[in-house]
S.K.: 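Got a structure here, written out as structure tokens. Questions coming.
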Amino acid sequence: MARLADATPVILPTSISENFLLDSKQLESKVNEKSRLLILCSPSNPAGSVYPKKLLEEIAKTVAKHPSLLVLSDEIYEHIVYAPATHTSFASLPGLWERTLTVNGFSKVG
């Protein structure tokens with residue numbers, strides 16, 4: 001989809017050893033003045049990874065440094081989370097409401 005919009009996607013690899021979660025330092029190194037959209041999936045399917053609030057706050061600091069960067073936060077599985085994990089909506093973090101597009105739906109709600 002990015003290429004259809006004449007954009008260049010930058011894919012940040014994740015690993016099983018990090019529970020398939022984005023490394024905030026790696027994100028910081030890849031975001032620049034041309035960056036326009038960060039796509040986050042939490043909770044994710046099929047890995048079931050849930051971003052802890054602390055990691056989301058680290059990502060939010062990077063986003064805050066780049067005023068042209070928006071976040072598309074896929075939270076369709078927010079109600080399918082197993083303890084001890086808890087879901088935190090990216091838009092609920094300070095200053096991120098206006099810069100976050102939240103994707104959700106009804107079919108995954110228990």
S.K.: If you count every heavy atom of other residues, nucleotides or ligands that lies below 6.0 Å from Glu28 atom CD, does the total exceed 12?
M.R.: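 It does: Glu28 CD has more than 12 such atoms within range.
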
S.K.: Below 4.5 Å, heavy atoms only, C-beta onward: do Ile59 and Leu27 meet side chain to side chain?
M.R.: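 Heavy-atom side-chain distance check passes, below 4.5 Å.
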
S.K.: Measuring only between side-chain heavy atoms, which start at C-beta, is Gln26 closer than 4.5 Å to Pro13?
M.R.: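 Of all side-chain heavy-atom pairs linking Pro13 with Gln26, at least one is under 4.5 Å.
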
S.K.: How long is the gap from OG on Ser29 to CG on Leu12, to the nearest 0.5 Å?
M.R.: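 Separation between the atoms: 7.5 Å.
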
S.K.: Leu55 and Val50: same hydrophobic cluster, using ILVMFWY side-chain contacts below 4.5 Å?
M.R.: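 Different clusters.
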
S.K.: Is there a donor-acceptor pair closer than 3.5 Å between any side-chain N or O of Arg99 and the backbone N or O of Val63?
M.R.: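 Confirmed, Arg99 side chain pairs with Val63 backbone.
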
S.K.: Once rounded to the nearest 0.5 Å, what's the spacing between atom OG1 of Thr88 and atom CG of Leu93?
M.R.: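 The distance works out to 7.0 Å.
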
S.K.: Which atoms form the tightest heavy-atom contact between Leu37 and Leu69, and what is the distance?
M.R.: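 So the minimum-distance heavy-atom pair works out to N-CD1, 3.4 Å.
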
S.K.: Among Glu78, Glu75, His79, exactly one meets side chain to side chain donor-acceptor pair (under 3.5 Å) together with Asn104. Which residue is that?
M.R.: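 With Asn104 as partner, side chain to side chain donor-acceptor pair (under 3.5 Å) holds for just one option, Glu78.
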
S.K.: Could you tell me whether the side chain of Ser92 and the main chain of Ser89 form a donor-acceptor pair under 3.5 Å?
M.R.: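 Yes; judged by distance alone, with no hydrogens or angles, the pair exists.
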
S.K.: Group every Ile, Leu, Val, Met, Phe, Trp and Tyr by side-chain heavy-atom contacts under 4.5 Å, then state whether Leu70 and Leu72 land in the same group.
M.R.: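 Same cluster.
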
S.K.: Taking Glu58 first and then Lys54, would you say they form a salt bridge - that is, a charged N and a carboxylate O separated by under 4.0 Å?
M.R.: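 Salt bridge present between Glu58 and Lys54.
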
S.K.: What heavy-atom pair brings Thr62 and His66 nearest, and what distance separates the two atoms?
M.R.: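 Closest heavy-atom pair between Thr62 and His66: O-CD2, 3.0 Å.
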
S.K.: Main chain of Ser68, side chain of Glu33: is a donor-acceptor contact present, judged purely on distance under 3.5 Å?
M.R.: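 Checked: no pair found.
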
S.K.: Check the hydrophobic clustering (I, L, V, M, F, W, Y; side-chain heavy atoms under 4.5 Å; chains of links allowed) and say if Ile76 and Leu22 are grouped together.
M.R.: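 Not linked; separate clusters.
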
S.K.: Side-chain donor-acceptor contacts of residues 41-49 below 3.5 Å, not counting sequence neighbours, with atom names and distances?
M.R.:
unit_1	atom_1	unit_2	atom_2	d
Ser42	OG	Tyr51	N	2.9
Ser44	OG	Ser49	N	3.4
Asn45	ND2	Tyr77	OH	3.0
Ser49	OG	Asn19	O	2.4

S.K.: Does a donor on one side chain and an acceptor on the other come within less than 3.5 Å for Thr102 and Thr100?
M.R.: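 Not at all, the side chains of Thr102 and Thr100 share no donor-acceptor pair under 3.5 Å.
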
S.K.: Could you state whether Leu40 and Val10 fall into the same hydrophobic cluster, counting links through intermediate Ile, Leu, Val, Met, Phe, Trp or Tyr residues with side-chain heavy atoms under 4.5 angstrom apart?
M.R.: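 Leu40 and Val10: one cluster.
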
S.K.: Let me confirm one number: the CZ-CD distance from Phe90 to Glu57, rounded to the nearest 0.5 Å.
M.R.: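 Going from the CZ atom of Phe90 to the CD atom of Glu57 covers 10.0 Å.
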
